[in-house]
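All values below come from the heavy atoms of this structure, side chains included, with hydrogens, waters and symmetry mates left out. Along the sequence shown, the residues carry numbers beginning at 1.
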Amino acid sequence: MLVVFQYSSGKIRTSLGPQKEQWRYSLAWIDTIDKAMPVVARYIRRQNGSHDEKVVKGIDEFVRDRFVHGVSYTSWRENWALSALGGAPPYGLSVPIGVDSILRHRHAMCSQQSIVFMELLHRFGMHYAAVRFSWPNAEPAGRGHFAVTAKVDGHWRYYDSNLEAANAPLIRDILNGKAASDTYPGNPWWVPKMQYAAKHGGIVVDSFDTHPGPRGLLLQKITLIFSELTPVIILLIAFLNWPGVMSRMSSKISKTN
C-alpha cells in the first residue's frame with residue numbers, strides 16, 4: 001500500500017514550509033542494501049525507456065517509496081560509541097551515513113536518501129555524483145539541500161527522491177536555476193532557495209562515483225568496531241587484573257585471620 005501525505009515544517013525541522021511525501025510501508029523490512037537489490041531490480045523492470053533511464057527511474061521510485069523524510073539517529077544499541085559522541089548542530093555525528101545503517105530506519109533526510117540512491121546507482125553500474133545546495137537561513141538545518149546527478153545515456157541528469165522532483169532535468173539547468181520551478185511543482189517553497197543558490201554559486205557537484213562523506217563514514221566504522229568489541233575489552237581487562245584482585249583479597253583474608 002502506498003501512503004501519500006503532507007506534513008508540517010515542524011516535523012522536518014526546517015522553516016521552508018510543508019512537504020508532499022509518499023511512502024510504502026511494505027518496504028520497511030528492507031534493512032540492508034543486499035535485501036534491496038532484488039526489489040530494486042523489479043522496480044527497474046517495470047519502467048519505460050532506455051536501459052539507463054529504466055535503471056535510474058527504478059532506483060528513484062524505490063528510494064521515494066522506502067523512506068519518509070526525517071532525520072534518523074544511530075541508537076545506543078546500534079553503536080553506543082558513536083551515539084555518545086553526539087556532535088555539533090544541526091544533526092551531530094550520530095546521524096548514520098553508512099548505507100545499511102540508513103536502511104535500518106524508516107526516516108531519512110536528503111543526504112541519507114541520496115547516499116542510498118548513489119549506492120544503488122553504483123551497484124547497477126551507473127555513474128553518479130552528489131549535488132549540494134547552500135543558502136542562508138535562520139535555522140542551521142534549513143541552510144541547504146542534497147540530491148543526486150546521474151549520467152543517463154551520456155547526459156548528466158538531476159534526481160531528488162527526497163523532495164520527489166517531478167522530472168529529471170539536465171544538471172546544467174539546475175546549476176543555472178532554470179529548471180527549479182518545473183522540477184518542484186509540488187514543493188514550490190523550495191524554488192526560491194534553489195534559485196538563490198544557483199545565482200550565488202551555492203550549488204556544488206562533487207563526489208563522483210564515490211561516497212560523499214568518507215571521513216564521517218570511517219569514523220562510524222571505527223566506533224562500530226569499538227562498540228562491538230567493548231564486551232571483549234571489558235573481559236580482557238578483568239582477566240588481566242584478576243591475579244591482582246585475588247592477591248589483594250588473599251592479603252585481606254590473611255590480615256583478618
Student: How about NE2 on His155, more than 12 heavy atoms from neighbouring residues, nucleotides or ligands closer than 6.0 Å, or not?
Tutor: no

Student: Do the side chain of Asp31 and the main chain of Leu103 share a donor and acceptor less than 3.5 angstrom apart?
Tutor: no

Student: Heavy atoms, side chains only, cut-off 4.5 Å: are Ile115 and Pro212 in contact?
Tutor: yes

Student: Answer yes if the side chains of Arg66 and Ser161 hold a donor-acceptor pair under 3.5 Å, and no otherwise.
Tutor: no

Student: Donor-acceptor check, side chain of Ser207 to backbone of Ala129, threshold 3.5 angstrom: yes or no?
Tutor: no

Student: Just wondering, do Asp173 and Tyr158 contact through their side chains at under 4.5 Å, heavy atoms?
Tutor: no

Student: Considering non-hydrogen atoms only, spot the tightest contact between Val205 and Ile171 and give its length.
Tutor: CG2-CG1, 4.3 Å

Student: Please name the pair of heavy atoms, one in Ser181 and one in Gln195, separated by the smallest distance, quoted to 0.1 Å.
Tutor: OG-NE2, 3.7 Å

Student: Considering only heavy atoms from C-beta outward, does the side chain of Phe117 approach that of Val56 to under 4.5 Å?
Tutor: yes

Student: Do Glu164 and Asp60 come within less than 4.5 Å of each other through their side chains, counting heavy atoms only?
Tutor: no

Student: Ignoring hydrogens and angles, tell me if any N or O in the side chain of Asn167 forms a donor-acceptor pair with the backbone of Asp182 under 3.5 Å.
Tutor: yes

Student: What's the shortest heavy-atom distance between Asn48 and Glu53, and which atoms?
Tutor: O-CB, 4.3 Å

Student: Are any of the side-chain heavy atoms of His145 and Trp135 separated by less than 4.5 Å?
Tutor: yes

Student: Evaluate the side-chain proximity of Phe208 to His127: yes if any heavy-atom separation is below 4.5 Å, no if none is.
Tutor: no

Student: If we ignore hydrogens and angles and just use 3.5 Å, is the side chain of Arg143 paired with the main-chain N or O of Ser134 as donor and acceptor?
Tutor: no

Student: Could you tell me whether Asp100 and Lys35 make a salt bridge, using a distance below 4.0 angstrom between a side-chain N and a carboxylate O?
Tutor: no

Student: Can you confirm whether Tyr184 sits close enough to Met194 that some side-chain heavy atom of one is under 4.5 Å from a side-chain heavy atom of the other?
Tutor: yes

Student: Heavy atoms, side chains only, cut-off 4.5 Å: are Ile59 and Tyr159 in contact?
Tutor: no

Student: Could you tell me whether Glu61 and Lys57 make a salt bridge, using a distance below 4.0 angstrom between a side-chain N and a carboxylate O?
Tutor: no

Student: Determine yes or no for a side-chain-to-main-chain donor-acceptor pair under 3.5 angstrom, with Asn187 supplying the side chain and Trp190 the backbone.
Tutor: no

